[in-house]
Amino acid sequence: MRADPRALRFGAAVTTVVLTFVLVTQSAWLLVAQVVVFAFGVAGRSPYTVLFKALVRSAPKETEDARPPRFAQGVGLVFAVAGLVGYVAGIMPLALVATAAALLAAFLNAAFGFCLGCEMYLLIRRLLPAANMEVPK
Amino acid sequence: MTGLWVVLATLALGTVIGVVFLRRNGRVRDTDGSRDRLSAADLGAGLGERATLVQFSTAFCQPCRATRRILADVSELVPGVSHVEIDAESRLDLVRRLDIMRTPTVLVLDAAGNIVKRASGQPRKADVLAALAAAVPGS
């Protein structure tokens, strides 16, 4: 599956704004909405991307592999869920740190085109020797 | 109020990381000091006659495809230079040994397999050519 890099960048920018509002207003409901968006993103159907495609009709000059950004959306989902648990349970350090981590990744992607979630893939694989078993030599 | 400070601190940190990332990404650097040597057995492929470009990739890597294109171009352009792509996931032994943190990571090996240059992130074609010229006599 191919993805439009402009749509991904747009999605990261919207995510940055939404997570900023979550942190400032401490609205758990807004974070619930972002969790849902991340979940759709893992399935390759981020509502932000759909919105971008509705607004911008032109075809992208280049497309890219959809797997890395989908994996990154999964990383975002993990942090957003952790943040949500923090807000709901009233564990503020968890809520702030986890949401800030998701914000950092979204901001780096939006502002610099740097996919932190994608970069984590190899690091995670390095740390999980058990996962080696899946890969036949 | 705390939330606002967290936002500002996060964005400031992100800006620093982003600027460092842009400056370092894909830059071809000397590997002075920790010189390792890779054999054909390590690579699972023969070494190039004069030099070998080794690329570590993963499935979850956006710039790996473009990097592959650049290195394939260079190996066609410069005689005696071969391009070997390694799936990092299936060679975690090499990844740990060479301390590879990111994909793509590109290593430039001389004729004997010594690692003479290294770049993490997508390198520019001109930089790869310059690295080859510097590292491999007569190329």
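All values derive from a computational prediction rather than experimental measurement. Residue numbers start from 1 in every chain, and the chains themselves are labelled A, B, ... in the order their sequence lines are given, proteins ahead of strands.
Taking CG from B:Leu4 and OG1 from A:Thr25, the interatomic distance works out to 11.5 Å, rounded to the nearest 0.5 Å. Within the model, atoms CD1 of B:Ile100 and CG of A:Leu123 stand 12.0 Å from one another, a figure rounded to the nearest 0.5 Å.
Criterion: ILVMFWY side-chain heavy atoms under 4.5 Å apart, direct or through other members. Under it, A:Leu31 and A:Phe107 are part of a common hydrophobic cluster.
Counting heavy atoms from C-beta outward, B:Asn25 and A:Phe114 have side chains that stay 4.5 Å or more apart.
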Original post:
Can B:Val6 and A:Leu103 be said to form a side chain to side chain contact (heavy atoms under 4.5 Å, CB included), step by step?
Top reply: CA-CA 10 Å; B:Val6 171; A:Leu103 172 64; over 6 Å; no
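In this structure, chain A has heavy atoms under 4.5 Å from both the backbone and the side chain of B:Leu13. B:Thr15 touches chain A through backbone and side chain together, each having a heavy atom under 4.5 Å away. Heavy-atom distances place no part of A:Ala111 under 4.5 Å from chain B, backbone and side chain included.
Between chain B and the residues A:Arg70, A:Arg67, A:Glu62, the most heavy-atom pairs under 4.5 angstrom are made by A:Arg67. Contact tally against chain B (heavy-atom pairs below 4.5 Å) for A:Val24, A:Thr16, A:Leu23, A:Thr99: the top residue is A:Leu23. Considering only heavy-atom pairs separated by less than 4.5 Å from chain B, the leading option among A:Asp65, A:Val97, A:Thr20, A:Leu19 is A:Thr20.
Across every non-hydrogen atom of A:Phe112 and B:Val19, the tightest pair is CE2-N, 3.9 Å. Taking both residues in full, the closest heavy atoms of B:Ala88 and A:Leu122 are given as CB-CD1, 3.7 Å, listed atom of the first, atom of the second, then distance. In plain terms, the two heavy atoms of A:Pro68 and B:Cys61 that are nearest each other are CG-N, 3.5 Å. Here the shortest heavy-atom pairing between A:Leu96 and B:Gly3 reads CD2-CA, 4.4 Å. When all heavy atoms of B:Leu92 and A:Arg125 are compared, the pair lying nearest together is CD1-O, 3.8 Å.
Proximity of a side-chain donor or acceptor of B:Arg96 to a complementary backbone N or O of A:Arg126 within less than 3.5 Å is detected.
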